[in-house]
Amino acid sequence: DPATPVHEEKDVASAETGSIAAHLMEHTDEILARWADLVKEEPWFSLPAEHRNSNLADVVNALVHASLVSPGSYDADTAAVIAGATHGHTRRMQEIPETLIPIEFHLLRQALWRFLNDTLSPSDSTYSAILMIDRSITLTLNAAMWGYYREEIEAHDGWATAVAAAAAA
(Lines give C-alpha, C1' and ligand atoms only; values in the text may rest on other atoms or scores of the structure.)
Protein backbone atom coordinates (compact mmCIF):
# COMPACT_ATOMS: atom_id res chain seq x y z
CA ASP A 1 0.00 0.00 0.00
CA PRO A 2 1.66 3.26 -1.11
CA ALA A 3 0.02 5.22 1.75
CA THR A 4 1.79 3.18 4.46
CA PRO A 5 5.34 4.47 3.88
CA VAL A 6 4.11 8.06 3.74
CA HIS A 7 2.30 7.59 7.06
CA GLU A 8 5.38 5.99 8.61
CA GLU A 9 7.57 8.83 7.31
CA LYS A 10 5.15 11.32 8.84
CA ASP A 11 5.34 9.53 12.19
CA VAL A 12 9.15 9.55 12.01
CA ALA A 13 9.15 13.25 11.13
CA SER A 14 6.80 13.94 14.05
CA ALA A 15 9.07 12.00 16.39
CA GLU A 16 12.08 13.92 15.05
CA THR A 17 10.25 17.22 15.47
CA GLY A 18 9.44 16.30 19.07
CA SER A 19 13.08 15.43 19.63
CA ILE A 20 14.18 18.78 18.18
CA ALA A 21 11.69 20.58 20.44
CA ALA A 22 12.98 18.76 23.52
CA HIS A 23 16.56 19.54 22.48
CA LEU A 24 15.77 23.25 22.20
CA MET A 25 13.88 23.43 25.49
CA GLU A 26 16.62 21.52 27.33
CA HIS A 27 19.21 24.00 26.05
CA THR A 28 17.35 27.30 26.44
CA ASP A 29 20.16 28.72 28.59
CA GLU A 30 22.72 27.93 25.89
CA ILE A 31 20.51 29.49 23.21
CA LEU A 32 20.14 32.63 25.32
CA ALA A 33 23.91 32.71 25.89
CA ARG A 34 24.34 32.69 22.10
CA TRP A 35 21.73 35.46 21.87
CA ALA A 36 23.61 37.46 24.51
CA ASP A 37 26.84 37.06 22.52
CA LEU A 38 25.08 38.38 19.42
CA VAL A 39 23.61 41.27 21.42
CA LYS A 40 27.06 42.20 22.76
CA GLU A 41 28.06 42.92 19.18
CA GLU A 42 25.29 45.53 19.00
CA PRO A 43 26.33 48.87 20.50
CA TRP A 44 22.73 49.97 21.06
CA PHE A 45 21.95 47.30 23.61
CA SER A 46 23.45 48.34 26.90
CA LEU A 47 20.97 47.00 29.41
CA PRO A 48 22.46 45.76 32.66
CA ALA A 49 22.97 41.99 32.59
CA GLU A 50 20.20 41.38 35.14
CA HIS A 51 17.65 42.99 32.79
CA ARG A 52 19.05 41.88 29.46
CA ASN A 53 17.22 38.57 29.05
CA SER A 54 13.89 39.80 30.42
CA ASN A 55 11.57 36.79 30.00
CA LEU A 56 13.26 35.50 26.84
CA ALA A 57 13.52 31.98 28.30
CA ASP A 58 9.71 31.96 28.51
CA VAL A 59 9.51 33.32 24.96
CA VAL A 60 11.83 30.59 23.62
CA ASN A 61 9.95 27.81 25.38
CA ALA A 62 6.54 29.17 24.35
CA LEU A 63 7.51 29.60 20.71
CA VAL A 64 9.10 26.12 20.58
CA HIS A 65 5.96 24.66 22.12
CA ALA A 66 3.69 26.56 19.70
CA SER A 67 5.76 25.66 16.65
CA LEU A 68 7.03 22.13 17.30
CA VAL A 69 5.12 20.52 20.18
CA SER A 70 1.56 21.74 19.52
CA PRO A 71 1.53 23.48 16.13
CA GLY A 72 -1.84 25.00 15.36
CA SER A 73 -2.98 24.77 18.99
CA TYR A 74 -4.88 27.85 20.09
CA ASP A 75 -3.67 27.36 23.68
CA ALA A 76 -0.02 27.06 22.60
CA ASP A 77 -0.34 30.11 20.35
CA THR A 78 -1.99 32.03 23.20
CA ALA A 79 0.91 31.14 25.51
CA ALA A 80 3.37 32.35 22.84
CA VAL A 81 1.40 35.59 22.43
CA ILE A 82 1.37 36.18 26.20
CA ALA A 83 5.13 35.48 26.49
CA GLY A 84 5.89 37.83 23.60
CA ALA A 85 3.56 40.53 24.91
CA THR A 86 5.11 40.30 28.36
CA HIS A 87 8.53 40.78 26.81
CA GLY A 88 7.37 43.86 24.87
CA HIS A 89 5.71 45.35 27.93
CA THR A 90 8.84 44.75 30.02
CA ARG A 91 11.00 46.44 27.39
CA ARG A 92 8.74 49.50 27.48
CA MET A 93 9.03 49.62 31.28
CA GLN A 94 12.82 49.44 30.82
CA GLU A 95 12.56 52.38 28.40
CA ILE A 96 13.99 50.39 25.51
CA PRO A 97 12.93 51.98 22.19
CA GLU A 98 10.34 49.93 20.34
CA THR A 99 12.55 49.92 17.25
CA LEU A 100 15.00 47.59 19.02
CA ILE A 101 12.49 44.81 19.67
CA PRO A 102 12.52 43.48 16.07
CA ILE A 103 16.33 43.44 16.24
CA GLU A 104 16.16 41.44 19.46
CA PHE A 105 13.91 38.88 17.80
CA HIS A 106 16.11 38.80 14.70
CA LEU A 107 19.07 37.96 16.94
CA LEU A 108 16.99 35.36 18.78
CA ARG A 109 16.16 33.75 15.43
CA GLN A 110 19.89 33.71 14.59
CA ALA A 111 20.75 32.17 17.96
CA LEU A 112 18.14 29.42 17.47
CA TRP A 113 19.28 28.69 13.91
CA ARG A 114 22.94 28.60 14.86
CA PHE A 115 22.24 26.36 17.83
CA LEU A 116 20.30 23.90 15.66
CA ASN A 117 22.93 23.97 12.92
CA ASP A 118 25.79 23.48 15.39
CA THR A 119 24.18 20.74 17.49
CA LEU A 120 22.08 18.67 15.07
CA SER A 121 22.85 17.01 11.78
CA PRO A 122 21.24 18.64 8.76
CA SER A 123 17.98 16.95 7.87
CA ASP A 124 14.59 17.68 6.40
CA SER A 125 13.18 17.64 9.94
CA THR A 126 15.67 20.24 11.15
CA TYR A 127 14.92 22.45 8.16
CA SER A 128 11.17 22.03 8.72
CA ALA A 129 11.62 22.84 12.41
CA ILE A 130 13.40 26.07 11.53
CA LEU A 131 10.53 27.07 9.22
CA MET A 132 7.97 26.23 11.90
CA ILE A 133 9.94 28.21 14.50
CA ASP A 134 10.03 31.19 12.13
CA ARG A 135 6.22 31.30 12.17
CA SER A 136 6.18 31.38 15.96
CA ILE A 137 8.95 33.98 16.12
CA THR A 138 6.80 36.19 13.91
CA LEU A 139 3.82 35.56 16.21
CA THR A 140 5.80 36.38 19.37
CA LEU A 141 7.44 39.44 17.77
CA ASN A 142 4.03 40.81 16.79
CA ALA A 143 2.82 40.12 20.32
CA ALA A 144 5.87 41.90 21.75
CA MET A 145 5.02 44.97 19.73
CA TRP A 146 1.43 44.79 20.98
CA GLY A 147 2.70 44.29 24.52
CA TYR A 148 4.84 47.39 24.15
CA TYR A 149 1.62 49.34 23.64
CA ARG A 150 -0.48 47.34 26.07
CA GLU A 151 -1.90 50.37 27.90
CA GLU A 152 -3.08 51.93 24.65
CA ILE A 153 -4.63 48.65 23.50
CA GLU A 154 -6.38 48.23 26.84
CA ALA A 155 -7.88 51.70 26.38
CA HIS A 156 -9.39 50.74 23.01
CA ASP A 157 -10.63 47.18 22.47
CA GLY A 158 -9.21 45.63 25.60
CA TRP A 159 -6.19 43.45 26.14
CA ALA A 160 -8.02 40.10 26.26
CA THR A 161 -9.62 40.82 22.88
CA ALA A 162 -6.21 41.65 21.39
CA VAL A 163 -4.60 38.47 22.77
CA ALA A 164 -7.42 36.31 21.49
CA ALA A 165 -7.23 37.90 18.03
CA ALA A 166 -3.44 37.49 17.86
CA ALA A 167 -3.58 33.85 18.92
CA ALA A 168 -6.31 33.07 16.41
CA ALA A 169 -4.44 34.66 13.50
Side-chain angles (χ1 to χ4, degrees), residues 3-42 45 47-91 96 100-147 163 166-169:
T4 302
V6 171
H7 179 69
E8 288 173 6
E9 288 175 11
K10 184 177 181 185
D11 288 344
V12 170
S14 296
E16 288 178 27
T17 300
S19 176
I20 292 167
H23 181 66
L24 290 169
M25 289 191 284
E26 288 168 9
H27 294 93
T28 300
D29 289 342
E30 186 177 336
I31 293 164
L32 291 179
R34 288 172 182 244
W35 175 84
D37 288 343
L38 291 167
V39 167
K40 287 176 192 172
E41 297 172 14
E42 300 294 333
F45 208 86
L47 275 177
E50 65 270 14
H51 298 297
R52 197 167 296 138
N53 285 357
S54 178
N55 72 320
L56 280 176
D58 295 337
V59 171
V60 168
N61 286 314
L63 73 86
V64 168
H65 191 81
S67 60
L68 302 178
V69 176
S70 298
S73 161
Y74 178 79
D75 290 341
D77 285 347
T78 299
V81 166
I82 290 169
T86 299
H87 183 73
H89 186 71
T90 300
R91 288 301 190 226
I96 300 297
L100 298 183
I101 293 173
I103 297 169
E104 275 192 292
F105 277 81
H106 171 72
L107 296 175
L108 182 59
R109 174 184 280 126
Q110 283 186 344
L112 284 160
W113 286 0
R114 289 178 185 180
F115 178 79
L116 284 174
N117 286 328
D118 292 347
T119 62
L120 298 177
S121 299
S123 71
D124 288 343
S125 293
T126 304
Y127 178 71
S128 293
I130 288 172
L131 293 177
M132 294 166 75
I133 288 167
D134 270 354
R135 178 214 168 257
S136 290
I137 286 177
T138 300
L139 176 70
T140 55
L141 168 58
N142 288 341
M145 298 308 290
W146 284 37
V163 168

Exercise for the section: Determine whether Arg135 and Asp77 make a side-chain contact, defined as any pair of heavy atoms from C-beta on separated by less than 4.5 Å. Expected result: yes
Practice task
Would you indicate whether the side-chain heavy atoms of Arg114 and Asp37 approach each other to under 4.5 Å?
Solution key: no
Practice task
Any chance you could measure Leu68, atom CG, to Ser136, atom OG, to the nearest 0.5 Å?
Solution key: 7.5 Å
Exercise for the section: Enter the distance from Ser125:OG to Ile130:CD1 here, rounded to the nearest 0.5 Å. Expected result: 11.5 Å
Problem - Test item: Val69 and Met25 side chains (from C-beta on) under 4.5 Å apart, heavy atoms - result: yes
Practice task
Would you give the length of the straight line joining atom CE of Met132 to atom OH of Tyr127, rounded to the nearest 0.5 angstrom?
Solution key: 13.0 Å
Practice task
Would you mind reporting whether Ser54 and Glu104 have side-chain heavy atoms less than 4.5 Å apart?
Solution key: no
Problem - Test log, rule side-chain contact (heavy atoms from CB on, under 4.5 Å), inputs Leu100 and Ile103 - result: CA-CA 5 Å; Leu100 298 183; Ile103 297 169; 4.1 Å; yes
Exercise for the section: For Thr86 and Asp58, run side-chain hydrogen bond (donor to acceptor under 3.5 Å, both in side chains): C-alpha distance rounded to whole Å, both residues' side-chain angles, the deciding distance at 0.1 Å, then the answer. Expected result: CA-CA 10 Å; Thr86 299; Asp58 295 337; over 6 Å; no
Practice task
Measure the spacing between OG1 of Thr28 and CG of Leu56 and express it to the nearest 0.5 Å.
Solution key: 10.5 Å
Problem - Any residue meeting side chain to side chain donor-acceptor pair (under 3.5 Å) with Thr78, in chain and number order, not counting sequence neighbours - result: none
Practice task
May I ask you to check whether His27 and Thr119 show a side-chain donor-acceptor distance below 3.5 Å?
Solution key: no
Problem - Side chain to side chain, Leu112 and Leu24, heavy atoms closer than 4.5 Å - result: yes
Exercise for the section: Check whether any side-chain heavy atom of Ser70 lies under 4.5 Å from a side-chain heavy atom of Asp75, and answer yes or no. Expected result: no
Completion exercise
In short, ring-ring contact (aromatic ring centres under 6.0 Å, His included) pairs touching residues 61-87 with sequence neighbours left out are His87-Phe105
Problem - Any residue meeting side chain to side chain donor-acceptor pair (under 3.5 Å) with Ser123, in chain and number order, not counting sequence neighbours - result: Thr126
Problem - Atom CG of Asp118 with >12 non-hydrogen neighbours under 6.0 angstrom - result: yes
Problem - Chi angles and distances behind the side-chain contact (heavy atoms from CB on, under 4.5 Å) call for Ile133, Leu116 - result: CA-CA 11 Å; Ile133 288 167; Leu116 284 174; 4.1 Å; yes
Completion exercise
Closest non-hydrogen contact found for Leu38 with Ala111 is CD1-N, 3.8 Å
Handout entry: SB check Asp29 Arg34 (cutoff 4.0 Å)
Key = no
Completion exercise
What one should report as the nearest heavy-atom pair of Ala83 and Ala62 is CB-CB, 3.9 Å
Practice task
For residues Thr140 and Val81, determine if any side-chain heavy atom of one lies less than 4.5 Å from a side-chain heavy atom of the other.
Solution key: no
Problem - Check: Thr90/Asn55 side-chain N/O donor and acceptor closer than 3.5 Å - result: no
Exercise for the section: State the CD-CD1 distance between Glu26 and Ile31, to the nearest 0.5 angstrom. Expected result: 10.5 Å
Practice task
Begin from the C-alpha positions of Trp113 and Asp134 and carry the test side-chain contact (heavy atoms from CB on, under 4.5 Å) through to its verdict.
Solution key: CA-CA 10 Å; Trp113 286 0; Asp134 270 354; 3.5 Å; yes
Exercise for the section: May I ask you to decide if Leu63's main-chain N or O and Ser67's side chain share a donor-acceptor pair within less than 3.5 Å? Expected result: yes
Handout entry: side-chain contact (heavy atoms from CB on, under 4.5 Å) evaluation trace for Val59 with Ile137
Key = CA-CA 9 Å; Val59 171; Ile137 286 177; over 6 Å; no
